[in-house]
Amino acid sequence: MKRIVGYFLNGLIFTAPAALTIYVVWAIFTTVDGWLRIPIPGVGFLLTLCVITLVGFLGSNFLARRLLEWMEDLMEHLPGVRLLYSGIKDVTGAFVGEKKRFQQPVVVTIDPVAGSKAIGFLTQDSLDELGMADHVTVYLPFSYSFAGQLLVFPRDRVTPLAAPSAKVMTFVVSGGVAEV
């Protein structure tokens, strides 16, 4: 009986990630198709990808960039919308785009006596403006989540890691299961 339970658990480990991924992709396809009332599965999702790509293309065009900047300015000045829009924009910009913020993975010594450490990303290498010249800010992402916590540490407790930031982020978000 133990052997059968072991086989079941091994099967679960292999099938659960694939099944969950397939379900999420299917849910996105059907939701977008439902919004657009398109009877062919997946066309709405592909259309959405095309529109996003078109906006990116237009954003590199001078005249269209002015229109996009005007829309962005409008979003940043609407009460209530500004908080949501700027938060999403900042988080998105931290991962992709010209101003990636999570470029420098670091290890932080939390408790020197116990030797406990945390892995995160340097976001500000100077806090002179806050009167804390010898401190830095480090974003510590939570495992199995896109959320995290921003903490301030003395500069001497932060050590850069010699690993690509994307691999470090995958490692942390996976709860340390993924390989670096």
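Only a predicted model underlies this, so the values are computations on that prediction, with no experimental measurement involved. Values reported hereafter were calculated over all heavy atoms of this structure, with side chains retained and with hydrogens, waters and symmetry mates removed.
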Would you say [X] and [Y] are hydrophobically clustered, going by side-chain heavy atoms of ILVMFWY under 4.5 Å?
{"X": "Met132", "Y": "Phe153", "answer": "no"}
{"X": "Ile110", "Y": "Leu122", "answer": "yes"}
{"X": "Val32", "Y": "Ile52", "answer": "no"}
{"X": "Val107", "Y": "Met169", "answer": "yes"}

Can you name the closest pair of heavy atoms from [X] and [Y] and give their distance?
{"X": "His135", "Y": "Pro154", "result": "CD2-N, 3.5 Å"}
{"X": "Pro160", "Y": "Gln104", "result": "CB-NE2, 3.3 Å"}
{"X": "Val138", "Y": "Thr123", "result": "N-OG1, 4.2 Å"}
{"X": "Leu140", "Y": "Gly120", "result": "CD2-CA, 3.7 Å"}
{"X": "Lys117", "Y": "Thr109", "result": "NZ-OG1, 3.3 Å"}
{"X": "Phe121", "Y": "Pro141", "result": "CE1-CG, 4.0 Å"}

A side-chain contact here means heavy atoms from C-beta on lying under 4.5 Å apart; do [X] and [Y] qualify?
{"X": "Val106", "Y": "Ile119", "value": "no"}
{"X": "Gln124", "Y": "Val136", "value": "no"}
{"X": "Thr137", "Y": "Leu127", "value": "yes"}

Using the side chain to side chain donor-acceptor pair (under 3.5 Å) criterion, which residues pair with Lys167? Sequence neighbours excluded. none
Atom CG of Leu161 and atom OG1 of Thr159: how far apart are they, to the nearest 0.5 Å? 8.0 Å
Quick one: does [X]'s side chain have a donor or acceptor within less than 3.5 Å of a partner on [Y]'s backbone?
{"X": "Arg155", "Y": "Asp125", "value": "yes"}
{"X": "Ser143", "Y": "Ser174", "value": "no"}
{"X": "Tyr139", "Y": "Gly148", "value": "yes"}

